[in-house]
S.K.: 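For reference, the structure I am asking about is given below.
What you see is a predicted model; the values in this text were computed from it and never measured. So you know, we letter chains A, B, ... as the sequences are listed, proteins then strands, and number each from 1.
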Amino acid sequence: MGTGVTGGEDDAVITALYQTYRAPLLAFVLRLTGGDLQLAEDVVQETMVRAWREADRLDVSGPSLMPWLAAVARRIAIDKHRRKRARPAETGVDTVADMPVDDGTAATLLRVAVADAMRQLTPAHRQILNETILSDRTVNQAAEALGIPVGTVKSRVYYALRSLQVVLAEQGLLS
Amino acid sequence: MNAITSEHIDVGAYALGLLEDQDKATFEAHLTRCSSCTAELAALSPVAACVAALGPRIR
């Protein structure tokens with residue numbers, strides 16, 4: 001482990017991290033791993049180690065580290081999953097979106113991440129995806145349901161996808 | 001992001017499979033002669049697959 005253990009203070013930090021965040025973080029990570037407890041424990045462990053290493057930059061006594069921990073845990077879970085998948089290097093397949101659909105863990109990871117990305121869209125963009133693809137409606141049916149021109153629906157769908165592409169790329173889910 | 005004209009804008013709905021038959025046929029004909037839509041479709045397809053993976057909306 002990289003940074004120097006200087007004694008009691010570090011122990012106190014990691015103990016405090018575990019006491020406060022282990023349970024909520026494990027619950028979060030279990031969703032990512034599709035219920036795989038062993039994998040989830042490993043992810044939590046690595047996340048805690050990373051938090052401990054960065055303890056001087058993080059305010060461990062501050063409000064909540066949960067958003068930071070969750071973001072780190074998600075990265076670690078995705079990396080672990082990629083490493084676990086034995087695949088030829090030359091395929092160039094390197095995004096969660098390319099993972100096989102019959103893989104429970106990948107599918108869960110993907111759904112959680114995409115749902116997360118959806119929340120970052122503007123309300124109009126989120127709504128248009130909810131009212132079309134996620135309601136099993138064509139653009140014409142959605143236009144009628146919403147009382148807006150079909151051209152507007154098509155345009156919003158297009159820009160919603162473009163925005164989502166940016167968010168998913170920022171999350172490292174799409175190249 | 002540059003604004004795109006209506007004949008190109010259908011690429012989003014097409015990637016998600018949201019076009020009705022006539023619009024779909026029109027867009028597919030357009031696609032055969034529009035290299036920017038071909039490239040855009042390739043870029044948007046993984047995004048569309050991600051959204052489709054969410055399955056039916058739960059409210």
S.K.: Is A:Glu41 paired with A:Arg22 through a side-chain N to carboxylate O contact shorter than 4.0 Å?
M.R.: yes
S.K.: Using a 4.5 Å cut-off on heavy atoms from C-beta on, say whether the side chain of A:Val44 contacts that of A:Phe28.
M.R.: no
S.K.: Can any side-chain N or O of A:Gln141 pair as donor or acceptor with the backbone N or O of A:Thr138 at less than 3.5 Å?
M.R.: yes
S.K.: Of the listed residues (A:Leu164, A:Asn140, A:Val157), which shares the most heavy-atom pairs with chain B below a 4.5 Å separation?
M.R.: A:Asn140
S.K.: Report, by ascending residue number, the residues of residues 18-37 of chain B in heavy-atom contact with chain A at a distance under 4.5 Å; give 'none' if the set is empty.
M.R.: B:Leu18, B:Leu19, B:Glu20, B:Asp23
S.K.: At a heavy-atom separation under 4.5 Å, does A:Leu161 approach chain B through its side chain, its backbone, both, or neither?
M.R.: both
S.K.: Should A:Thr47 and A:Arg75 count as side-chain neighbours, where that means a heavy-atom distance under 4.5 Å?
M.R.: no
S.K.: Using atom types as modelled and distance alone, determine if a side-chain donor or acceptor of A:Ser155 lies under 3.5 Å from a backbone N or O of A:Gly151.
M.R.: no
S.K.: Can you list the steps and then say if B:Glu40 with A:Tyr158 is a side chain to side chain donor-acceptor pair (under 3.5 Å)?
M.R.: CA-CA 10 Å; B:Glu40 188 114 65; A:Tyr158 172 76; 2.9 Å; yes
S.K.: Any non-hydrogen side-chain atom of A:Val167 less than 4.5 Å from a side-chain atom of A:Arg119?
M.R.: no
